[in-house]
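Just so it is clear: chains get the letters A, B, ... in the order the sequence lines come, proteins before strands, and each one is counted from 1.
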Amino acid sequence: MNDLEHVRLKKMHQLKAAGEEPFPRRVSRSHYTSEAIEAFLAASEGEVVEVSVAGRLRSIRKMGKITFAHIEDAKGRLQLFFRANDVGTDQLKLFNETFDLGDFILAQGGMFKTRSGEITLRVAGFKMLAKAIAPLPAAKEEIIDGERVVHAAFANPEARYRQRYADLAVNPQVREIFRSRARIIRALREFLDQRDFIEVETPILQPIYGGAAARPFVTHHNQLHQDLYLRISFELYLKRLLVGGFERVYEIGRDFRNEGVSFKHNPEFTQLEFYMAYADYRGIMDIAEQLVAYTAEKAAGSKVIQYQGHTIDLSPPWRRLELRSAINEYAKIDIADYATADSLRKAMIAQGNEPSQSSTRGKLIDSLISNYVEPSCIQPTFLYDYPRDISPLAKSKPDDLNTVERFEGFIGGMEICNAFTELNDPFDQEQRFKEMARDYTPEDEERHPTDEDYLRAMRYGMPPNGGFGLGVDRLVMLLCDCKTIREVILFPHLRSKED
RNA sequence: GGGCCGUUAGCUCAAUUGGCAGAGCAGGUGCCUUUUAAGCACUUGGUUACGGGUUCGAUUCCUGUACGGCCCA
């Protein structure tokens with residue numbers, strides 16, 4: 001405990017000695033701060049508006065026998081005016097000596113307007129609601145031409161993420177990101193609910209992982225003596241539900257991938273997946289662009305957004321590019337000319353790339369997308385028709401068995417979504433699992449293990465359907481103009497560190 | 001995994017060639033009855049992330065570790 005905390009602890013004891021409880025149980029608040037101001041504005045001349053408000057002390061200005069302060073609650077800020085004539089000399093002294101920035105307090109009295117024009121609460125009575133022992137990272141603010149200017153704001157990224165509670169407490173714009181995030185998720189649900197989708201919950205602990213190319217986290221059930229995986233996607237469970245007779249299902253939840261951390265990757269992240277019977281990837285494309293545009297409109301107020309200096313128009317229809325021509329355009333390689341991994345690798349090396357020696361053709365193509373195409377897709381773009389070997393759950397094109405009916409959506413240079421005409425042929429699916437076993441080394445954890453139960457489900461009959469996955473965190477990044485995923489996840493993953 | 005950069009008071013940041021580690025805010029003691037980054041005076045606060053090394057002397061130079069940031073894979 002540092003000196004500042006010792007001082008506050010002493011004040012807490014001083015409060016107790018004066019008969020005040022530093023952490024009382026019950027609070028009687030009548031108004032949010034914003035409501036108190038509205039009530040004052042709505043009142044007629046001379047009418048006294050009595051309120052009691054609760055919040056955290058964010059500024060204190062002591063001026064002898066009067067003190068000004070601001071409290072902040074969920075709806076805004078309100079200035080408090082303490083005057084010896086109103087609260088009594090002893091009470092003012094108690095406030096000045098034992099109340100600090102960061103304390104939660106209740107204040108009651110009548111509303112009025114100060115000489116400088118600020119609508120303010122003339123405090124008649126007040127009490128401590130929760131004493132803050134640790135000082136919040138102090139920042140001072142001023143309003144210049146209506147703009148809030150913060151001085152010495154709490155800005156150290158590591159400290160902000162490790163102590164997100166302090167970050168949220170002192171940085172209102174951070175709280176606003178998470179309000180937007182909630183609006184975005186609400187809009188996604190609304191859109192799907194309006195179209196007869198039902199929301200479901202499927203297992204997070206899975207005996208066999210699948211549905212994406214990713215390394216899983218492994219855990220263990222002690223009593224069952226069984227290893228379990230934290231899901232890397234919801235796909236295989238949601239499609240089992242189509243077998244069960246639900247035609248439109250979706251889930252919003254957490255996926256876990258045991259991979260690197262970057263500005264757009266967190267080990268746990270939020271995913272939306274939906275599956276729709278009797279739709280193919282073309283139909284899903286139409287819905288995907290509508291879903292994102294609807295969400296932007298609902299949560300950000302417009303289909304046109306600003307992202308990292310770019311103006312991005314999310315209005316449908318989005319640009320649609322065949323994957324082959326996109327790679328040809330941005331990487332200057334026509335993948336149709338290179339039917340094998342080896343020939344494609346040589347072509348990539350000839351252009352100065354350093355592709356991995358063990359990669360399949362599909363993985364090489366994937367790296368061309370990431371390196372050349374993705375960064376160029378600032379305006380919303382669908383790339384469609386992907387290589388078979390990196391898409392083991394997608395149905396192939398009728399005229400080209402090595403290409404599947406799959407698309408990915410890119411916005412702001414980031415992959416946002418992924419979808420395909422889902423494979424519903426149990427024999428073809430079994431073949432795909434075998435191909436994975438053949439083409440991927442056993443150590444390659446991106447290899448899908450064969451899921452026999454999933455194959456059994458498919459043998460009962462799965463309606464033709466289209467499926468869709470959306471990175472919710474990345475959508476929030478776009479709509480909130482955040483450069484890193486850590487800004488949109490409340491408690492992003494950081495290495496452990498002893499304080 | 002690799003490269004570069006960073007870590008100094010509660011917060012935001014300084015510190016000349018290697019020579020007593022500073023400021024603003026916050027905190028403390030006073031003055032102050034309409035302030036709002038209130039003001040004025042005085043003032044407390046540091047194992048310079050951690051461990052080695054070079055040196056008469058290290059925040060500064062070298063090295064290792066931890067954590068973070070940016071870029072690359």
Side-chain angles (χ1 to χ4, degrees), chain A residues 1-11 14 57-72 77-89 92-93 95-103 112-123 132-163 166-167 169-171 215 259-265 308 348 352-359 363-364 366-368 370-371 375 483-487 492-499:
Chain A
M1 191 171 275
N2 63 39
D3 290 349
L4 297 176
E5 291 171 337
H6 277 119
V7 168
R8 286 173 176 234
L9 201 59
K10 211 174 118 194
K11 291 178 176 180
Q14 196 180 337
L57 280 168
R58 292 306 310 277
S59 70
I60 300 174
R61 292 175 294 282
K62 298 172 190 174
M63 307 183 56
K65 297 195 173 52
I66 61 170
T67 292
F68 288 94
H70 276 94
I71 60 164
E72 182 175 76
R77 287 190 177 202
L78 178 65
Q79 181 166 256
L80 306 181
F81 176 60
F82 298 79
R83 195 170 59 150
N85 309 37
D86 302 323
V87 295
T89 313
L92 183 64
K93 187 162 176 280
F95 181 84
N96 285 341
E97 288 183 352
T98 63
F99 283 57
D100 288 297
L101 295 177
D103 292 351
F112 78 113
K113 193 182 265 186
T114 63
R115 274 179 210 163
S116 54
E118 181 163 347
I119 296 168
T120 299
L121 174 64
R122 185 190 307 278
V123 177
I133 303 303
L136 285 170
K140 282 212 163 191
E141 310 175 359
E142 62 181 322
I143 308 296
I144 298 175
D145 300 332
E147 290 285 308
R148 182 171 155 270
V149 179
V150 182
H151 302 271
F154 184 43
N156 179 284
E158 182 177 359
R160 284 183 51 232
Y161 301 142
R162 286 191 197 280
Q163 298 190 42
D167 184 29
V170 302
N171 291 322
R215 301 175 61 185
E259 294 171 346
V261 176
S262 83
F263 75 96
K264 52 183 178 181
H265 295 92
Q308 303 297 302
M348 290 169 69
N353 295 285
E354 293 173 8
S356 144
Q357 283 304 312
S358 59
S359 289
K363 282 194 180 184
L364 293 173
D366 209 32
S367 75
L368 287 173
S370 307
N371 294 333
K483 199 182 170 196
T484 83
I485 198 169
R486 289 182 292 270
E487 290 295 334
H493 180 77
L494 296 176
R495 275 178 216 270
S496 304
K497 182 175 156 187
E498 292 188 14
D499 285 325

Arg160(A) CZ to rG10(B) C1': how many Å, rounded? 18 Å
Considering all heavy atoms, the nearest Lys483(A)-Phe263(A) contact: O-CD1, 3.5 Å
Please give, in whole Å, the distance from rG10(B) C1' to Ile133(A) CD1? 14 Å
Which heavy atom in Val149(A) sits nearest to a heavy atom in Ile144(A), and how many Å separate them? CG2-CD1, 4.0 Å
Looking only at non-hydrogen atoms, find the nearest pair between Ala139(A) and Ala152(A) and report the distance. CB-O, 3.9 Å
C1' atoms of rC11(B) and rA37(B), separation to the nearest Å: 14 Å
Could you tell me which non-hydrogen atom of Ser262(A) sits nearest to which non-hydrogen atom of Arg486(A), and how far apart they are? O-NH1, 3.9 Å
Taking all atoms of both residues into account, what is the closest heavy-atom pair of Leu92(A) and Gly64(A), and its distance? CD2-O, 3.9 Å
Separation of the P atoms in rA9(B) and rA23(B), to the nearest angstrom: 14 Å
rC42(B) and rU35(B), which share atom name C1', separated by this distance in whole Å: 23 Å
Does any non-hydrogen side-chain atom of Thr114(A) lie less than 4.5 Å from one of Phe68(A)? yes
Have a look at Ala155(A) and say if it touches a base, only the backbone sugar-phosphate, or nothing, with a 4.0 Å heavy-atom cut-off. sugar-phosphate
Could you work out the separation of rG69(B) and rC61(B) based on their P atoms and round it to a whole Å? 24 Å
With sequence neighbours left out, write down each residue that passes side chain to side chain contact (heavy atoms under 4.5 Å, CB included) with Asn353(A), or none if nothing qualifies. Met348(A), Gln351(A), Pro355(A), Tyr372(A)
Whether each nucleotide of nucleotides 67-73 of chain B has a protein heavy atom under 4.0 Å at its base (B), only at its sugar-phosphate (S) or at neither (-) is summarised, 5' to 3', as SSSS---
Could you work out the separation of rA41(B) and rC32(B) based on their C1' atoms and round it to a whole Å? 12 Å
Would you say the side chain of Arg58(A) lies within less than 4.5 Å of the side chain of Val170(A), judging by non-hydrogen atoms? yes
Atom C1', compared across rU29(B) and rG68(B): separation rounded to whole Å: 39 Å
So which heavy atom on Ala134(A) is nearest to which on Glu5(A), and how close? CB-OE2, 3.2 Å
Is it the case that the side chains of His70(A) and Glu141(A) hold a donor-acceptor pair, with the cut-off being a distance below 3.5 Å and no angle test? no
Can you give me the N/O atom pairs linking the protein to nucleotides 44-50 of chain B at distances under 3.5 Å, or say none if there are none?
none

Which nucleotides of nucleotides 29-40 of chain B have their base under 4.0 Å from a protein heavy atom (B), which only their sugar-phosphate (S), and which neither (-), written as one string 5' to 3'? ---BBBBBBB--
Dot-bracket, RNA chain B: Watson-Crick or G-U, under 3.5 angstrom, [ ] crossing, | other strand? (((((((..((((.....[..)))).(((((.......))))).....(((((..]....)))))))))))).
Whole-Å C1' distance, rG6(B) and rC13(B): 14 Å
Any side-chain heavy-atom pair of Phe82(A) and Asn96(A) under 4.5 Å: no
Phe95(A) side chain near Leu80(A) side chain, heavy-atom distance below 4.5 Å: no
Whole-Å gap separating P (rG28(B)) and CG (Leu9(A)): 14 Å
Hey, are the side chains of Leu101(A) and Ile60(A) touching, using non-hydrogen atoms and a 4.5 Å cut-off? yes
Rounding to an integer number of angstrom, what distance separates rU7(B) and rU60(B) when you compare their P atoms? 11 Å
Side chain to side chain donor-acceptor pair (under 3.5 Å) with Arg160(A): which residues, sequence neighbours excluded? Asp167(A), Glu487(A)
